[in-house]
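Remarks on the structure that follows.
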Amino acid sequence: MKKYEPIQMVASSRYQNYFPTLSPEIQQDVYSRMNKLLIEEKEYCDKGNY
């Protein structure tokens with residue numbers, strides 16, 4: 001199964017140019033929320049469903 005990491009997800013997203021303009025506190029909040037969502041949705045991921 002593919003390993004999801006918020007930092008890599010942001011780096012390869014359409015927001016890669018916008019994200020660095022956010023304050024460090026907001027960036028950390030975004031990464032934290034992404035981690036929580038990844039954990040919550042983990043049961044729905046499988047090898048063929050990314």
Side-chain angles (χ1 to χ4, degrees):
M1 178 162 51
K2 185 175 181 179
K3 176 104 168 117
Y4 291 105
E5 295 292 332
I7 293 173
Q8 285 92 15
M9 291 172 71
V10 169
S12 64
S13 76
R14 69 174 86 181
Y15 302 107
Q16 62 187 322
N17 295 327
Y18 172 71
F19 196 79
T21 66
L22 300 173
S23 70
E25 295 84 18
I26 293 175
Q27 289 182 14
Q28 281 307 118
D29 287 344
V30 170
Y31 289 142
S32 175
R33 180 66 178 140
M34 289 174 75
N35 272 326
K36 287 178 187 174
L37 289 170
L38 287 168
I39 291 167
E40 288 175 13
E41 302 297 326
K42 191 173 189 169
E43 70 182 90
Y44 300 107
C45 291
D46 61 31
K47 291 182 181 178
N49 184 23
Y50 296 117

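Throughout, residue positions are numbered sequentially from 1 according to the sequence presented. Below, each value reflects all heavy atoms present in this structure, side chains not excepted, and no hydrogens, waters or symmetry copies.
Taking the side chain as every heavy atom from C-beta outward, E25 and Q28 never approach each other to under 4.5 Å.
With S32 contributing its side chain and D29 its backbone, the two residues share no donor-acceptor pair below 3.5 Å.
Minimum heavy-atom separation, P6 to Y31: CB-CD2, 3.6 Å. Scanning all heavy atoms of the two residues, the minimum distance from M34 to V10 falls at SD-CG2, 3.9 Å.
Not counting sequence neighbours, Q27 has no partner by the side-chain hydrogen bond (donor to acceptor under 3.5 Å, both in side chains) test.
Both I26 and Y18 are members of a single hydrophobic cluster when ILVMFWY side chains are connected at heavy-atom separations under 4.5 Å. Linking Ile, Leu, Val, Met, Phe, Trp and Tyr whenever their side-chain heavy atoms come within less than 4.5 Å leaves Y4 and L37 in two separate clusters. At a threshold of 4.5 Å between side-chain heavy atoms, the hydrophobic network of Ile, Leu, Val, Met, Phe, Trp and Tyr places F19 and M9 in one connected group.
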